[in-house]
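Down below is the structure, laid out as structure tokens.
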Amino acid sequence: FRPSSQSSQESGGTVLVRGVTYKKDPAWFNVPSNVLDATSRRLHLQKDHPVHITRQIIEANFPQPTYKYHNDYHPVVSTHQNFDSLGFPPNHPGRALTDTYYINDKTLLRTHTSAHQADVFRANESDGYLISADVYRRDAIDRSHYPVFHQMEGARSWDRNRVPGGAVAAAVRADLEKLPKHNVQVEDPNPPFHEERNPLQDCHSAAEAQAIGEHLKRSLECMVVDIFSRARTAALKGDPNFVDEPLRMRWVEAYFPFTSPSWELEVYYAGDWLEVLGCGVVRQSLYDNAGVPSQLGWAFGIGIDRIAMLLFNIPDIRLFWSQDHRFLSQFEGVSDRLDTLKRFAPFSKYPPCPKDVSFWLASTSTAGGNTMGNFHENDVMEIVRSVAGDVVEDVRLIDEFTHPKTGRRSMAYRIVYRSLERTLTNEEAKTFHEGVRDALVKKLGVELR
Ligand code: FA5
Ligand code: MG
């Protein structure tokens, strides 16, 4: 057996991820085989895949050569790249084994494309960049969450030494004038920065941060307007029941350790506000540590899968991983002809099989009552996913209580089994559910009720 340069597999003390071998640390290694398999898929590089098409459309809004594109960084990074270089404190919850997939104590599957920010700033090859990549997170299970998804990172910098007289604010405003405009009303009720909630950095003048913030917001708004106008055209062509509503967007204040001030952009979709991206003015320490202290600018990170769901009206994030011809054939030819983009036509909806499981948590200490040690919901999610794979649509907590006398905690979850590709028999759903129950006992030490 000769592994191809993209293959991924586990054996003994090592693991092969997309053609590179790593030493596992059994105290840290927590990557299940379905996630390991996904590292080889690279949907954002698969022509005519909706994730690839969505990447192409976002890229078109950030043109070369101002923006240089990086689309093939390896998914395994160091804790330094993913966390330390970005200013995450040592005790940040995102670093926990319950949230992140580790190979060993210093090596993990990137949880966001920001893991590559410092390296690309250091390389200093262009004024701006875009990085598209698969990212990995232990997370909830529902129709908009999957343990593997895709992000695009973008950044734009200006160099004090290359701007006449060091007048950065004026230079940024001149570039802002060159950007496209749009006529959508965007809700943006907060000031450009706020002393407590969303502070200006000491090294920036108010005029600089304000100009950079405006350039950032306009660039991202125009991209979302473009996505929505393409989605609308496709819907009007293909769906007689389409309700043509105006696009609504709003900016909300946010926090990231590597930007300040920071924002998230939300889009109104299917009756609710959906967060599509996070962004902000890059913290100066990143440029300083990358050896380019005279630069300043903005960065953003967007969820490509979520944008693809909006663009094609795709109802479930699992569909992106489908190899079913009825899914993939709907996008054939679109990468070369973006104007032929069509809405996704769902193949028939198969019936759901909901099943409940309830259990007592294993208590690690009976002395103080209800100390339930290390129980984390993401462990339940992963056990369900590892037994039932993509046949699970949704997992949610439906009941939880603590016994008044014993102090033991009981949890009840509803698991919805539903295949995207065929009707599940009740027997099949029962077999999956039995497997889940067994695994909960074996792996979490719970007592079934
Ligand atoms: C980040 O990951 C930051 N790195 C973004 C950033 C970059 C901020 C640069 C500032 C500067 P966050 O965890 O919010 O932030 O994720 C960014 C986007 O990824 C979200 O807005 C959402 O669109 C998408 N996303 C997050 N989690 C999931 C998930 N489980 N499934 C699908 N999409 C997700
Ligand atoms: Mg967020």
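Counting convention: from 1, in listed order, for ligands and their atoms alike.
A side-chain donor-acceptor contact under 3.5 Å links Y417 and H433. Counting only N and O atoms by type, the side chains of S294 and D159 include a donor and acceptor under 3.5 Å apart. Of the N and O atoms on the side chains of E382 and Y101, at least one donor lies less than 3.5 Å from an acceptor on the other residue. Judged by distance alone, the side chains of D288 and Q295 never bring a donor and an acceptor atom under 3.5 Å apart. Counted by atom type alone, S132 and H150 present zero donor-acceptor pairs between their side chains at under 3.5 Å. Between the side chains of D134 and Y136, at least one donor N or O lies within less than 3.5 Å of an accepting N or O. In the model, H182 has a side-chain atom that pairs as donor or acceptor with a side-chain atom of E221 under 3.5 Å.
Under a 4.0 Å criterion applied to the non-hydrogen atoms of Q117, ligand 1 contributes the atoms 9 (C). Residue-ligand proximity, T259 to ligand 1, at heavy-atom distances under 4.0 Å covers atoms 10 (C), 11 (C).
Not a single heavy atom of D305 sits under 4.0 Å from any atom of ligand 1.
Summary of contacts: the protein heavy atom closest to atom 29 (C) of ligand 1 is F149 CE2, 3.5 Å. For atom 5 (C) of ligand 1, the closest non-hydrogen atom of the protein is G301 CA, 3.9 Å. Atom 4 (N) of ligand 1 has as its closest protein heavy atom S114 OG, 2.8 Å. Of all protein heavy atoms, the one lying nearest to atom 15 (O) of ligand 1 is F256 CE2, 3.6 Å. Nearest to atom 23 (O) of ligand 1 among the protein's heavy atoms is V276 O, 3.0 Å. Annotation: atom 14 (O) of ligand 1 to nearest protein heavy atom, E275 OE2, 3.2 Å. From the protein, the heavy atom lying nearest to atom 24 (C) of ligand 1 is G303 CA, 3.6 Å.
Contacts with ligand 1 closer than 4.0 Å are made by backbone heavy atoms (N, CA, C, O) of C279 only, the side chain lying farther away. By the criterion of a heavy-atom distance under 4.0 Å, the backbone of L277, and not its side chain, is placed next to ligand 1. At a heavy-atom distance under 4.0 Å, only backbone atoms of S144 (N, CA, C or O) approach ligand 1. Residue-level proximity to ligand 1 for F258 is carried by the side chain, the only part with a heavy atom below 4.0 angstrom.
In terms of polar-atom proximity, D139 is counted as a contact of ligand 1, with an N or O under 3.5 Å from an N or O of the ligand. Polar contact check, H112 against ligand 1: a nitrogen or oxygen pair lies under 3.5 Å apart.
Seen from the Mg ion (ligand 2), atom OE2 on E264 and atom OE2 on E275 lie at an angle near 90° (rounded to 10 degrees).
Every residue two or more places apart in sequence or in another chain that forms a side-chain hydrogen bond (donor to acceptor under 3.5 Å, both in side chains) with E253 is listed here: R197. A search for side-chain hydrogen bond (donor to acceptor under 3.5 Å, both in side chains) contacts involving K443 returns nothing, not counting sequence neighbours.
Proximity annotation for atom 19 (O) of ligand 1: of R306, Q151, M152, Q151 comes nearest, heavy atoms only. Considering E266, R137, E264 only, the shortest heavy-atom separation from atom 12 (P) of ligand 1 involves R137.
A donor-acceptor contact shorter than 3.5 Å links the side chain of S260 to the backbone of P199.
L341 pairs in a side chain to side chain contact (heavy atoms under 4.5 Å, CB included) with only one of the listed residues (I53, T233, T54), which is I53.
Ring orientation note: the planes of F258 and F88 are tilted relative to one another, at an angle of 30° to 60°.
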